[in-house]
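We name chains A, B, ... by the order of the sequence lines, and we start the count at 1 in each one.
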Amino acid sequence: MQFIANRDEDYAQWYVDVVLKSKLADYAPVGGCMVIRPYGYALWENMVAALDGMFKETGHENMYFPLMIPESFLKKEAEHVEGFAPECAVVTHGGGKKLEEPLVIRPTSETVIWSMYKKWIHSYRDLPILGNQWANVVRWEMRTRLFLRTTEFLWQEGHTAHATEREADEEALRMLEVYRRFAEDYMALPVVCGEKTERERFAGAVRTYCIEAMMGDRRALQAGTSHFLGQNFAKAFDVTFQNESGEHEYVWGSSWGVSTRLVGALVMGHGDEKGLALPPRLAPIQVVVVPIYRKDEEKARVLEVAHQIHARLAKNVRVHVDDRDQLKPGFKFNEWELCGVPLRLELGPRDLENGQVTFARRDTGDKGTVPLDALESEVPTLLDMVQTGLFDRALEFRENNTCTTDSWTEFREQLEAGGFVYAHWNGSGETEARIQEETKATIRCIPFGRQPEAGKCILTGEPSEGRVLFARAY
RNA sequence: CGGGAUGUGGCGCAGUUUGGUAGCGCGUUCGGUUCGGGACCGAAAGGUCGGCGGUUCAAGUCCGCCCAUCCCGACCA
């Protein structure tokens with residue numbers, strides 16, 4: 001039986017139940033690590049395919065750098081080493097011997113990549129380099145959580161090099177926009193785009209941009225980041241180029257990444273009391289056909305049509321016929337709902353008589369019928385409706401749980417209840433830290449396109465130029 | 001690393017207080033009846049009780065040490 005914890009009473013347990021029982025992932029023998037199971041990996045593959053296409057459309061090429069990085073590389077950028085050293089796994093032995101220099105398992109690849117960019121970049125004609133790699137990285141976190149934070153995870157990391165500051169910053173912003181489009185158009189999750197405060201900035205970046213999504217428990221999840229690196233890594237690795245005037249300049253950089261954490265974002269962004277609810281554009285199975293029959297004679301007829309439906313839809317839709325004989329339809333309904341399949345088609349004797357199938361939408365639970373001969377056109381339409389329905393539901397949920405306030409009391413109460421709060425802030429990291437101590441909330445971002453608005457800092461009452469987004473986060 | 005908890009067939013648990021031949025539910029396999037919202041009957045398979053050591057005629061149970069995992073904090077995509 002696949003019963004899961006009540007989502008409102010124990011959100012954390014609900015999340016674990018959904019991930020395990022929908023067979024997205026399982027705990028691995030190594031602490032803090034997880035195994036991504038076929039269903040979860042298929043979901044990730046669909047994400048990879050969509051993102052990879054978008055990267056290529058924006059002119060990027062894939063490449064691959066080594067898993068192990070000389071320890072000294074990490075130390076070349078001061079902030080970078082400070083940020084990452086504590087969470088690095090270090091290889092000290094190889095081939096039965098102690099290594100001359102320890103090797104760090106990459107927590108991110110800026111250092112090794114910039115060490116190579118030094119070799120490849122000499123002239124402005126060598127720029128830009130628009131590279132991306134799909135890889136695994138290791139960060140030795142103390143506390144882990146399936147998909148959201150595991151010791152090893154899969155991601156992509158884009159690393160670009162440019163001749164001008166403006167170009168590098170534009171690149172960072174362009175890729176954040178790619179992430180926004182992916183989150184909203186594919187994952188059906190509305191996101192807030194903005195810039196991180198200095199305190200939340202990537203170690204080694206000049207500016208960090210991010211997209212922030214609201215999860216089902218009203219907490220925030222950073223779904224993607226894009227960094228304008230300035231010349232920090234170019235200086236650390238001495239990467240210069242000769243410009244058109246023959247002068248030597250340091251190269252400007254950007255880096256950006258999203259990870260398998262996005263799978264967790266889907267679970268928590270759309271899941272409900274029945275389990276997962278996957279957006280059709282990413283769902284490994286978009287349509288499941290459940291045959292219903294009593295007698296052998298009915299079974300033969302129903303299965304024949306079910307497989308015909310499969311053959312007709314399979315050209316354009318990821319469809320699966322659940323012809324397992326030993327399970328009752330009701331069990332299958334619940335199981336596929338737990339697994340988040342966007343659209344279910346029920347096919348029984350009654351449907352055959354009427355030349356139709358019964359459908360059920362995962363997002364709303366609405367049922368209806370579609371004439372058999374209209375399936376090719378109607379199923380994609382229904383899938384589009386589910387895609388839109390999920391986005392609208394998530395957006396409405398976020399708006400209903402977002403407030404703007406100038407009252408400290410209301411600020412605290414809203415953060416305590418969960419949700420997003422737009423409030424004034426005096427711009428100091430110290431204030432930010434104090435607010436976190438008091439409320440457990442952090443500044444998720446300084447939103448793009450915010451209205452300039454004179455106000456008083458929610459904590460100190462000091463002057464503020466505009467509101468920032470506060471929330472408790474994963 | 002600090003705090004808490006748990007390790008017993010595949011999964012979830014009871015049994016430990018008071019030592020005496022290891023049990024339940026689910027799942028699995030076989031046979032049959034079922035099938036429009038989580039079916040039922042019958043039969044069967046499956047466990048050196050996390051590890052090591054100790055006490056004892058006898059240890060899942062008592063004692064010691066170790067290991068692992070999960071949850072809560074600090075860190076973080």
Side-chain angles (χ1 to χ4, degrees), chain A residues 1-4 10 12-13 15-17 20-21 26-34 82-88 107-108 135-157 179 196 199-203 208 210-213 220-227 255-265 274-275 290-296 298-299 302-303 322-338 344-354 356-360 365 367 369 433 436-437 440 442 473-474:
Chain A
M1 291 297 166
Q2 301 289 326
F3 294 108
I4 55 177
D10 191 346
Q13 189 58 50
Y15 176 78
V16 171
D17 284 351
L20 294 179
K21 291 183 175 175
D26 204 349
Y27 290 106
V30 181
C33 293
M34 70 170 176
E82 195 183 322
F84 283 106
E87 56 190 63
C88 284
T108 179
N136 56 338
V137 288
V138 167
R139 296 182 186 178
W140 213 273
E141 307 290 354
M142 292 285 95
R143 277 193 58 214
T144 59
R145 204 155 146 68
L146 291 165
F147 284 112
L148 296 184
R149 192 179 307 105
T150 47
T151 301
E152 177 184 356
F153 57 96
L154 306 183
W155 77 345
Q156 59 69 214
E157 45 182 327
Y179 290 158
K196 286 291 186 193
R199 207 160 154 271
E200 300 275 328
R201 188 182 296 153
F202 174 74
T208 288
C210 63
I211 54 173
E212 295 282 331
L221 182 78
Q222 179 177 305
T225 50
S226 183
H227 316 290
S255 69
W256 27 275
V258 296
S259 72
T260 37
R261 160 175 267 205
L262 291 181
V263 175
K274 289 179 169 182
V290 178
I292 298 162
Y293 46 79
R294 292 166 196 270
K295 304 159 194 150
D296 282 350
E298 280 177 355
K299 176 180 168 183
V302 166
L303 282 182
D322 186 356
D323 57 4
R324 291 175 297 175
D325 194 32
Q326 68 280 16
L327 299 173
K328 291 181 70 173
F331 180 91
K332 295 179 182 178
F333 295 169
N334 284 288
E335 186 175 74
W336 291 114
E337 281 164 357
L338 169 64
R344 178 178 73 241
L345 299 181
E346 304 172 13
L347 183 70
R350 215 159 59 209
D351 297 302
L352 286 189
E353 271 174 42
N354 298 325
Q356 66 182 33
V357 293
T358 301
F359 72 82
K367 282 195 176 192
T369 60
Q436 182 174 6
E437 276 172 37
K440 294 183 186 160
T442 49
Y474 278 100

Chemist: At under 4.0 Å between heavy atoms, how does the protein contact nucleotides 72-77 of chain B? Give one character per nucleotide, 5' to 3', with B, S or -.
Modeler: SBBBBB

Chemist: Taking the C1' atom of each, how far is B:G15 from B:C24, in whole Å?
Modeler: 10 Å

Chemist: Going by an N to O cut-off under 4.0 Å, is there a salt bridge joining A:Glu346 and A:Lys367?
Modeler: yes

Chemist: With P as the reference atom in both, quote the distance from B:C49 to B:G7 in angstrom, rounded to an integer.
Modeler: 15 Å

Chemist: For the pair made of NZ in A:Lys21 and C1' in B:G38, what is the distance, rounded to whole Å?
Modeler: 13 Å

Chemist: What do the steps show when you test A:His227 against A:Ser255 for side chain to side chain donor-acceptor pair (under 3.5 Å), and what is the final call?
Modeler: CA-CA 5 Å; A:His227 316 290; A:Ser255 69; 4.5 Å; no

Chemist: Summarise how protein sits on nucleotides 30-37 of chain B as a single string, 5' to 3': B when a protein heavy atom is under 4.0 Å from the base, S for sugar-phosphate-only contact, - for no contact.
Modeler: -----BBB

Chemist: Is any side-chain N of the basic residue among A:Lys196 and A:Glu212 closer than 4.0 Å to the acidic one's carboxylate O?
Modeler: yes

Chemist: Counting heavy atoms not belonging to A:Glu82, are there more than 12 under 6.0 Å from its CD?
Modeler: no

Chemist: In dot-bracket form, how is RNA chain B paired, counting a Watson-Crick or G-U wobble pair only if both its distances are under 3.5 Å and using | for bases paired to another strand?
Modeler: ((((((((.[[[[.)....(..]]]].((((((.....)))))).....[[[[[..)....]]]]])))))))....

Chemist: Regarding A:Arg145 and the six-membered ring of A:Tyr474, is the cationic atom NZ or CZ under 6.0 Å from the ring centre and inside 45° of its axis?
Modeler: no

Chemist: Would A:Asp325 and A:Tyr293 count as a side chain to side chain donor-acceptor pair (under 3.5 Å) if you check the C-alpha gap in whole Å, the side-chain angles of each, and the deciding distance to 0.1 Å?
Modeler: CA-CA 10 Å; A:Asp325 194 32; A:Tyr293 46 79; 2.8 Å; yes

Chemist: For nucleotides B:U61 and B:U16, find the distance between their P atoms and express it as a whole number of Å.
Modeler: 12 Å

Chemist: Check the distance between B:C70's P and A:Asp26's CG and give it to me in whole angstrom.
Modeler: 11 Å

Chemist: Taking all non-hydrogen atoms of both residues, which atom of A:Ala203 and which atom of A:Gly83 are closest, and how far apart?
Modeler: CB-CA, 3.9 Å

Chemist: Write down the distance separating the P atoms in B:A22 and B:G46, rounded off to the nearest Å.
Modeler: 15 Å

Chemist: Stepwise, does the side chain to side chain donor-acceptor pair (under 3.5 Å) test hold for A:Gln356 with A:Arg350?
Modeler: CA-CA 9 Å; A:Gln356 66 182 33; A:Arg350 215 159 59 209; over 6 Å; no

Chemist: Roughly how far apart, to the nearest Å, are B:G12 and B:G27 at atom C1'?
Modeler: 10 Å

Chemist: Using the P atom as the point on both nucleotides, what is the distance between B:U29 and B:A45, in whole Å?
Modeler: 16 Å

Chemist: Write down the distance separating the P atoms in B:G9 and B:G51, rounded off to the nearest Å.
Modeler: 10 Å

Chemist: Is the closest side-chain heavy-atom distance between A:Tyr179 and A:Val258 below 4.5 Å?
Modeler: yes

Chemist: Ion pair present between A:Lys332 and A:Glu337, side-chain N to carboxylate O less than 4.0 angstrom?
Modeler: no

Chemist: Please report the shortest heavy-atom distance between A:Ala223 and A:Leu262, naming the atom on each side.
Modeler: O-CD2, 3.2 Å

Chemist: What integer distance in Å separates A:Tyr15:OH from B:C70:C1'?
Modeler: 16 Å

Chemist: Can you check the distance between B:U34 and B:C70, where both ends of the measurement are the P atom (answer in whole Å)?
Modeler: 46 Å

